[in-house]
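Below: one structure, written as structure tokens.
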Amino acid sequence: MRGPITLLTDFGTADGYAGAVRGVITDISPGVRIDDISHDIAAGDIAGAAIALRRYWREYPENSIHLVVVDPGVGSSRRALVGRVDGRWFVAPDNGVLTYVLQEGEQVEVVAVVHPRSLPRTPAPTFHGRDVFGPVAADLSLGAVLREFGPPIDDAVMLDIATASLDEGTGQGVIVHVDRFGNLATNIPGEWLADGARVEVGSRTIQGVHRTYSEVEPGELLALTGSDGWLEIAVREGSAATTLDAGRGMPVRVHVSSPATPGPPSTAADASA
Amino acid sequence: MRGPITLLTDFGTADGYAGAVRGVITDISPGVRIDDISHDIAAGDIAGAAIALRRYWREYPENSIHLVVVDPGVGSSRRALVGRVDGRWFVAPDNGVLTYVLQEGEQVEVVAVVHPRSLPRTPAPTFHGRDVFGPVAADLSLGAVLREFGPPIDDAVMLDIATASLDEGTGQGVIVHVDRFGNLATNIPGEWLADGARVEVGSRTIQGVHRTYSEVEPGELLALTGSDGWLEIAVREGSAATTLDAGRGMPVRVHVSSPATPGPPSTAADASA
Amino acid sequence: MRGPITLLTDFGTADGYAGAVRGVITDISPGVRIDDISHDIAAGDIAGAAIALRRYWREYPENSIHLVVVDPGVGSSRRALVGRVDGRWFVAPDNGVLTYVLQEGEQVEVVAVVHPRSLPRTPAPTFHGRDVFGPVAADLSLGAVLREFGPPIDDAVMLDIATASLDEGTGQGVIVHVDRFGNLATNIPGEWLADGARVEVGSRTIQGVHRTYSEVEPGELLALTGSDGWLEIAVREGSAATTLDAGRGMPVRVHVSSPATPGPPSTAADASA
């Protein structure tokens with residue numbers, strides 16, 4: 001049996017909707033393990049769900065099934081997708097929530113669902129998590145193959161994700177995510193900063209790049225390469241989001257140091273102001 | 001082995017109480033799967049828990065065990081109940097949280113717990129989730145039968161749930177639940193609106209009944225049959241609760257269209273103003 | 001196989017970090033059960049995590065593995081610990097989160113991690129939950145023994161937990177935890193109050209000790225022995241934290257009644273004012 005099935009939704013838990021999805025999956029595939037990743041995605045926040053998914057999908061072993069139901073377009077003509085990417089399975093609405101998975105995966109197959117196998121009822125037009133996506137994930141756990149759900153597609157909806165640019169030692173990017181701690185993830189690759197950098201965000205300039213929070217004093221702002229591999233802006237034991245009044249989409253500029261650049265050499269270890 | 005055991009409580013998770021319940025169940029019945037439905041029911045909100053339970057209990061297969069601990073009367077003389085309804089098992093305080101299950105189930109047996117089997121300790125008078133309900137659910141997973149817990153009863157406490165009325169094409173009901181998205185569930189059966197309706201709530205009138213959110217513009221108010229089968233009032237990509245400043249108990253009136261009624265025919269598809 | 005593995009973190013769920021920890025564990029040890037105790041510990045709240053852990057660790061059977069990642073010092077020189085206490089396994093940063101477990105356990109062994117076995121990658125200096133603690137917990141589930149992780153230690157960091165004192169019938173303690181319901185847990189042993197007491201907290205005096213909430217009227221303040229065995233101050237169907245504007249660290253004084261003390265005898269059942 002394939003599995004586990006992971007769940008990422010914006011349902012919350014208190015209304016019983018997430019429980020209904022678990023119940024339907026259990027009814028179809030009683031032996032499968034179900035992992036709640038989160039039901040606390042902000043309502044309709046497709047981009048936030050895409051970032052969260054990026055953080056865990058590849059940590060799970062092959063044949064895991066990642067179900068994402070953040071679906072503000074439920075009941076419209078948006079398609080339901082089933083995919084296989086680098087050995088993991090995906091079930092999600094066609095609204096961009098799989099953007100990073102499809103961009104970063106190497107072996108990618110996606111089909112649009114036109115023949116769901118186990119439909120416990122006529123799907124309610126407002127609850128495809130229970131009536132379409134959950135059953136499809138359960139069927140995958142029992143061995144369903146992609147093609148039985150529908151035809152392959154190559155035009156999945158992709159989020160318009162800003163790409164960072166690097167030109168003559170100056171990088172331009174944006175904040176793509178604010179986490180629970182107020183850490184700011186950007187779309188600037190950490191490797192650009194391997195030799196140090198000056199980081200500008202809002203009206204603040206951060207000199208140097210650190211390895212980890214504890215290299216600065218509590219309350220101090222710092223730049224580092226986050227656990228995702230991206231430039232992260234943080235405040236030790238505090239919130240960079242609050243300190244900088246910053247949010248998703250805010251521009252970030254980096255001036256990269258490199259051995260080839262004139263001027264004093266600078267490293268992550270000694271460049272902090 | 002029976003299972004899984006599902007948990008619905010108002011404990012939150014951060015205090016460790018929900019963990020204690022999981023631990024006790026695991027100690028008694030190590031192999032049983034435990035599904036967290038929610039620990040985020042508002043403190044003491046029996047009616048909210050009853051609605052949530054209504055949404056998932058029947059999605060789970062037979063022999064699932066639904067444990068509900070929303071128990072503001074813990075330590076009082078309120079009884080602990082064990083029930084079997086349409087093949088599923090229930091463990092809960094006798095405070096009305098099982099109202100919909102007992103009303104809507106076809107085969108219903110309920111006993112009051114007087115002889116719990118596995119009591120890991122003298123029950124603390126303030127934590128029956130850990131010391132009574134959890135152990136009873138674990139025992140059920142191991143095959144306990146209803147009668148060994150205590151005598152059958154037929155006077156379980158029932159919530160005083162308002163019933164919607166329909167008289168000469170005018171239906172009266174109330175909002176029974178506000179979900180995370182601000183959607184308003186009512187107690188008015190969706191089938192009353194099968195031929196279209198005019199819905200009045202607060203000072204607003206909604207013309208027509210839609211199938212799903214995406215049939216109206218973002219921000220627009222609509223009426224539809226929710227995934228539970230009840231009339232639901234929603235705002236596409238917004239919150240009807242905020243738009244209408246509405247909450248549980250607020251009256252809702254519907255003027256039902258039907259083919260037998262004089263006047264122009266009206267359907268869900270074309271009745272929208 | 002040992003297990004389950006329980007998770008207690010301050011990660012929240014919506015950012016995908018907790019999912020990454022689950023994924024890594026599943027990748028290393030596909031068959032182990034993983035129980036989410038909570039990801040809602042307040043950011044960096046080591047003392048709160050220690051109290052939560054105290055509430056569930058011993059409810060789980062022997063060979064359960066309790067993983068705690070509340071780790072504001074991630075990336076600093078703080079050690080990672082693996083312990084075995086009364087048959088349960090523990091994985092946590094060396095920051096005091098295990099204080100109660102180490103104090104209250106009878107058979108205690110602890111080692112500092114210097115040789116983690118399964119490292120899926122070079123550990124990111126900001127995410128040891130995914131890259132160190134999770135893998136260690138997974139290895140424990142597969143049978144790893146303490147000594148292969150590193151040398152035994154006897155100097156684990158302990159929280160400076162205030163100890164309550166009792167002198168000539170007057171006890172002094174503090175509030176150590178405020179739970180979701182606004183109940184106030186103290187560090188005063190419930191047994192001190194077995195024969196009744198007068199409890200002073202802030203500007204309020206509570207006469208007598210009750211067994212459970214329902215012995216007073218809704219909205220009334222009461223003292224009782226909580227499910228942890230400590231003096232708890234509560235408001236029936238309300239919040240003592242709000243009523244008393246009280247929080248962690250606030251002093252509590254008790255004047256203990258006892259048969260040997262002059263004055264009228266007082267019991268839990270009749271001492272309420």
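The shown structure was predicted, so the numbers you read here are calculated from the model rather than taken from an experiment. All chains are named by letter (A, B, ...) in the order of the sequence lines, taking the proteins before the strands, and each is independently numbered beginning at 1.
The parts of B:A43 that come within reach of chain C are both its backbone and its side chain, each placing non-hydrogen atoms under 4.5 angstrom from that chain. Using a 4.5 Å cut-off between heavy atoms, C:P218 does not touch chain B at all. Looking at B:V21, neither its backbone nor its side chain comes within 4.5 Å of chain C, counting heavy atoms on both sides. Interface remark: B:I34 contributes side-chain atoms only to the contact with chain C (heavy atom separation under 4.5 Å). Heavy atoms of B:P123 lying under 4.5 Å from chain C are absent altogether.
Between chain C and the options B:G12, B:P72, B:G44, B:G73, heavy-atom pairs under 4.5 Å are most frequent for B:G12. Note on C:G229, C:A42, C:P61: by heavy-atom pairs under 4.5 Å with chain B, the leading option is C:P61.
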Pairs of donor and acceptor atoms, chain B with chain C, under 3.5 Å:
| residue | atom | partner | partner atom | Å |
| --- | --- | --- | --- | --- |
| B:D10 | O | C:R180 | NH1 | 2.6 |
| B:T13 | OG1 | C:S38 | OG | 2.5 |
| B:D15 | O | C:R55 | NH1 | 2.8 |
| B:D15 | OD1 | C:H177 | NE2 | 2.8 |
| B:D15 | OD2 | C:R180 | N | 2.7 |
| B:Y17 | OH | C:D179 | OD2 | 2.7 |
| B:R22 | NE | C:D35 | OD2 | 3.0 |
| B:R22 | NH2 | C:D35 | OD1 | 3.2 |
| B:T26 | OG1 | C:R33 | NH2 | 2.7 |
| B:V32 | O | C:R33 | NH1 | 3.1 |
| B:H39 | O | C:R180 | NH1 | 3.3 |
| B:I41 | O | C:R180 | NH1 | 2.8 |
| B:I41 | O | C:R180 | NH2 | 3.3 |
| B:V74 | O | C:T212 | OG1 | 3.2 |
| B:S76 | N | C:S214 | OG | 3.3 |
| B:R121 | NH1 | C:E59 | OE1 | 3.4 |
| B:R121 | NH2 | C:E59 | OE1 | 3.1 |
| B:R121 | NH2 | C:E59 | OE2 | 2.6 |
| B:P125 | O | C:T212 | OG1 | 3.0 |
| B:R130 | NH1 | C:S227 | O | 3.2 |
| B:R130 | NH2 | C:S227 | O | 3.2 |

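For B:A52, the side chain to side chain contact (heavy atoms under 4.5 Å, CB included) partners two or more places apart in sequence, or in a different chain, are B:L8, B:I41. Remark: B:A137 engages B:I5, B:I65, B:L67, B:V91 in a side chain to side chain contact (heavy atoms under 4.5 Å, CB included) (not counting sequence neighbours). For C:F133, there are no ring pair (Phe, Tyr, Trp, His ring centres under 6.0 Å) partners at least two apart in sequence or on another chain.
In this structure, B:V85 and B:L98 have side chains that are not in contact, with every pair of non-hydrogen atoms separated by 4.5 Å or more.
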